[in-house]
Number of protein chains: 2
Amino acid sequence: MEERVGLRERKRRAAMRRVQEVALDLFDEHGFDAVTVKQIAEAAGVAPSSVYRYFETKEGIVLYDPNRIVLSEPARPEEDGLRLFEALYRTITAFVAEHGDEVIDRRRTRYLMEVPSVRTAVAERIFTDVPTMASFIAERTGRSVDELEVQVAAGAFAGGLLAAVRHWHAEDYAEPLGELLERTLATLRDGLEVSLE
Amino acid sequence: MEERVGLRERKRRAAMRRVQEVALDLFDEHGFDAVTVKQIAEAAGVAPSSVYRYFETKEGIVLYDPNRIVLSEPARPEEDGLRLFEALYRTITAFVAEHGDEVIDRRRTRYLMEVPSVRTAVAERIFTDVPTMASFIAERTGRSVDELEVQVAAGAFAGGLLAAVRHWHAEDYAEPLGELLERTLATLRDGLEVSLE
DNA sequence: CTCTCATTTGGGAGTGACTCCCACTTCGGT
DNA sequence: ACCGAAGTGGGAGTCACTCCCAAATGAGAG
């Protein structure tokens, strides 16, 4: 399972972490908008063009999660036969468990939630995954991806989860993530009306 | 109810419509990305700085709806005492009824749904309204706007509706909008699991 | 260990969205 | 007709992002 990684890749990742590090330092000091990519590149000792190669956009510098685990394995076997939400719940909580409550790098998160252009980038990324989510739902429920209900469900999920995370942040991470997710999924599962009575 | 509008405002709106018109022409011919704001301004006979004054961004040119009716009156009286979804449903269908099925200017819509940067702008605008939606929900259900469930519901709504509109577009507007909305709201109301069984 | 090839990096040149500013025009009310 | 307010044109500038290519540097073969 260990991915083989040469010097090349190691250097690249080191550089990326360094760039992100100094970028966050500069952002903390002057604010996201007041810092230029050129300044970041200089401070990190790389060329501006390299920064774009690494992160695509300025927002990407904040978005990048060096510890990210790709959990795109096409559904774990033990989730087969479960109803939709049970499967989802287990997938998500497994993910959270692996990371502890430290899914969150507070430093980055502040920008993810508060700087408008970065917020937008986050939303965009989440909604990029809507088709994937729709496939997942379609698979679990035996429906077609193209059905309205499936699409709406996927969109509602994305929107609901995004709102939940923003709420979590707004309340200063007071509620344990696990609990929060459970309540969020329950709301989505049981219907918006019922759960609001 | 008629808003008094002087020559100044009339000229401004005429200019905006003209700019949008020629912009869409140019987009149709060369593609959104290949057309510069300067070209649009020239073709419309205004200064580039005016275009930005009017629309804020290039995407804003497409977003702008000259026929938009502001329906932000704080809840119509006849909706009082209704349950959340009934009130929502009536609000939305009333809006649709007023506009016929012509809520949609096909020309603009194509760009709203297909050009990445414009798509993003649409999503952004919708999610800008989430706090408003949350207030609406909070009011109707006697809960606090700050509650997780309320926030999640508002986010899920936004995401669900966005997905519905995209589905509608993807299917070439085959289904009547009223029906589509009814199914969408039903899915959100009754819960994502139930309605997918 | 060395040579060669495939990648990656640095940095220069350029594009275009968007901002700032200010002199000039034009509208609205007296 | 006149004055003050608001809008317009257009010049100058910033910065995110792209394209390109020559120089540098790992990776693998012999």
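These numbers come from a predicted model, not from an experiment. Reminder, nothing fancy here: chain letters follow the sequence lines and each chain counts from 1. Atoms considered below: every heavy atom in the structure, side chains included; atoms not considered: hydrogens, waters and symmetry mates.
Counting only N and O atoms by type, the side chains of E114(B) and H169(B) include a donor and acceptor under 3.5 Å apart.
In this structure, V51(A) reaches neither bases nor backbone, as no heavy-atom distance under 4.0 Å exists between it and the strands shown. When heavy atoms are screened at a 4.0 angstrom cut-off, F55(B) is found touching no nucleic acid atom at all. At the heavy-atom level, S50(B) lies under 4.0 Å from the strands shown only through sugar-phosphate atoms. K38(A) comes within contact range of no nucleotide atom at all, as no heavy-atom separation falls under 4.0 Å. Within 4.0 Å (heavy atoms only), T36(B) reaches sugar-phosphate atoms of the nucleic acid but no base atom.
For dG9(D), its base sits under 3.5 Å from the side chain of R53(B) at one donor and acceptor pair at least. The base of dG26(D) does not come close enough to the side chain of R10(A) for any donor and acceptor atom to sit less than 3.5 Å apart. You'll find a donor-acceptor pair under 3.5 Å spanning the side chain of R8(B) and the base of dT26(C), going by distance alone.
Two residues, F32(B) and Y54(A), neighbour DNA chain C, and the one matched to the more 5' nucleotide by heavy-atom proximity is Y54(A).
With a 4.5 Å cut-off on side-chain heavy atoms, L161(A) and I126(A) do not count as touching.
For K11(A), a side-chain nitrogen or oxygen approaches OP1 or OP2 of dG26(D) to under 4.0 Å. Residue Y52(B) has no polar side-chain atom (N or O) positioned under 4.0 Å from OP1 or OP2 of dC20(C).
Listed candidates were dG10(C), dT8(D), dA16(D). Nearest to the side chain of A47(A) is dG10(C). The nucleotide whose nearest atom lies closest to any side-chain atom of V46(A) is, among dG10(D), dG10(C), dC18(C), dG10(C).
Across L63(B), L24(B), I61(B), a single residue satisfies side-chain contact (heavy atoms from CB on, under 4.5 Å) together with Y111(B), and that is L24(B).
Looking only at distances, a side-chain donor or acceptor of R119(A) sits under 3.5 Å from a matching main-chain atom of M113(A).
A cation-pi contact, defined as under 6.0 Å to the ring centre and within 45° of the axis, links R106(A) to Y173(A).
What separates CZ of R13(A) from P of dT8(C) is a distance of 13 Å, to the nearest Å.
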